[in-house]
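By convention here, the first residue in the shown sequence is residue 1. All values below were derived from every heavy atom in this structure, side-chain atoms included, with hydrogens, water molecules and symmetry-related copies excluded. For clarity, every value in this text was computed on a predicted model and none was experimentally measured.
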Amino acid sequence: MMKKDGKMKFAITSKGDAMSNTLMQKMKTYLLDFELEYDEDQPDLVISVGGDGTLLYAFHRYRSRLDKTAFIGVHTGHLGFYADWVPDEIEKLVIAIAKTPYQIVEYPLLEVIIRYNDGGKETRYLALNECTVKSVSGTLVMDVEIKGDLFETFRGDGLCISTPSGSTAYNKALGGAILHPSLPAIQVAEMASINNRVFRTIGSPLVLPAHHTCLLKPVNDVDFQITVDHLSLLHKDVKSIQCRVANEKIRFARFRPFPFWKRVRDSFICD
């Protein structure tokens, strides 16, 4: 995909450490030499230099223009899940960006809508990895509705709702399945559920397709600690938390194949 109307606009976000900042400057200089335009407000391409956290920040910064912006990751620390390129390949990447069309790969996102008891303004979030819900004090008690029907009353430490690309993050640590990101789905995984003769939860992660909505409704009046990716939020007076596959997607720019299962293997199995 090349820009038809003049120069391609790019922006670069850095993790902020010395190595990432140096690489950012280097790439910026090279790309400007190739007559690309630096535009932090309306980039066609956002290059993230750092780790997966850096890309999460970039995604949230540009979430209002996901249909217009594609992302690419360079990892400067541990192997990143969203990063295809390493520092030694900077020159190669710059030439690829400047000279060759790229493929767009789209991954599903999670939409979270929080509604309040007073009927006030609802809050809508998009997550690239996951949303977690915990009670600020004590056990989380939530009615879990799927497609409008009560599925269970959950009691435990919390719930994690993840995207397929986020299935390798917190979800995996909770014993969830790794989902390929070509599947438009979300996964609900439990954190330390309480199961005895009185209380019972399904005890397995649930994978919901795009047209199924998961609605969490508080059983008691408590405050909630809700995370959306790296953002941690305290919510009071919550009526419900609605989770489903978002209409929006994140777009990654690919200049070469980087199969998902190779990524998984490189991250968890290979040295």
Side-chain angles (χ1 to χ4, degrees), residues 10-32 36 38 40 43 45-63 66 69-98 102-103 105-110 126-132 160 162-174 176 178-181 189 227-232 250-271:
F10 72 98
I12 308 180
T13 56
S14 163
K15 186 179 174 182
D17 61 297
M19 185 185 186
S20 302
N21 286 345
T22 304
L23 282 173
M24 175 174 77
Q25 287 307 327
K26 201 171 175 182
M27 289 190 78
K28 187 174 175 180
T29 305
Y30 286 163
L31 288 167
L32 290 170
L36 273 72
Y38 192 77
E40 276 193 13
L45 190 66
V46 171
I47 303 156
S48 157
V49 184
D52 285 348
T54 317
L55 197 126
L56 285 173
Y57 274 100
F59 162 74
H60 284 276
R61 179 173 178 184
Y62 294 105
R63 69 185 179 277
L66 294 175
T69 296
F71 296 84
I72 191 154
V74 177
H75 61 82
T76 54
H78 298 291
L79 183 68
F81 225 81
Y82 293 117
D84 306 15
W85 299 81
V86 295
D88 293 351
E89 299 177 310
I90 288 299
E91 284 84 354
K92 200 167 149 187
L93 175 57
V94 164
I95 291 166
I97 291 170
Y102 52 85
Q103 231 191 336
V105 178
E106 293 185 326
Y107 283 1
L109 298 168
L110 167 68
L126 286 178
L128 174 55
N129 269 1
E130 76 277 297
C131 164
T132 69
C160 172
S162 61
T163 66
S165 47
S167 68
T168 52
Y170 195 7
N171 168 76
K172 181 177 182 294
L174 294 169
I178 295 178
L179 298 190
H180 192 280
T227 70
V228 177
D229 292 335
H230 58 287
L231 311 166
S232 189
I250 185 170
R251 300 155 74 243
F252 288 101
R254 286 264 187 282
F255 294 96
R256 60 186 182 191
F258 190 9
F260 179 74
W261 298 119
K262 175 172 166 35
R263 235 170 244 252
V264 173
R265 186 167 178 268
D266 288 352
S267 295
F268 299 112
I269 296 165
C270 288
D271 291 338

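Looking at heavy atoms from C-beta onward, F59 lies out of side-chain contact with V46 at the 4.5 angstrom threshold. Put simply, the side chain of L128 reaches to within 4.5 Å of the side chain of L55, judged on heavy atoms.
Classification of the H180-F260 ring pair by plane angle, with boundaries at 30° and 60°, yields perpendicular. Below 30°, between 30° and 60°, or above 60°: for F81 and F268 the angle between ring planes is between 30° and 60°, a tilted geometry.
Side-chain polar atoms of S20 and T76 form a donor-acceptor pair below 3.5 angstrom.
Salt bridge E40/R61: present, at least one basic N to carboxylate O contact under 4.0 Å.
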Stepwise side chain to side chain contact (heavy atoms under 4.5 Å, CB included) test for T163 and I250: CA-CA 11 Å; T163 66; I250 185 170; over 6 Å; no

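Under the ring pair (Phe, Tyr, Trp, His ring centres under 6.0 Å) test applied with F252, the options Y102, W85, F258, Y82 reduce to a single match, Y82.
Contact between D84 and R254 at its shortest, heavy atoms only, is OD2-NH1, 2.9 Å. Here the shortest heavy-atom pairing between A58 and T13 reads CB-OG1, 3.7 Å.
Here the OG1-CD1 distance, from T54 to I12, works out to 13.0 Å after rounding to the nearest 0.5 Å.
Side-chain atoms of Q25 do not come within 3.5 Å of backbone N or O of T22 as any donor-acceptor pair.
Considering only residues two or more places apart in sequence or on other chains, E106 meets the side-chain hydrogen bond (donor to acceptor under 3.5 Å, both in side chains) condition with none of them.
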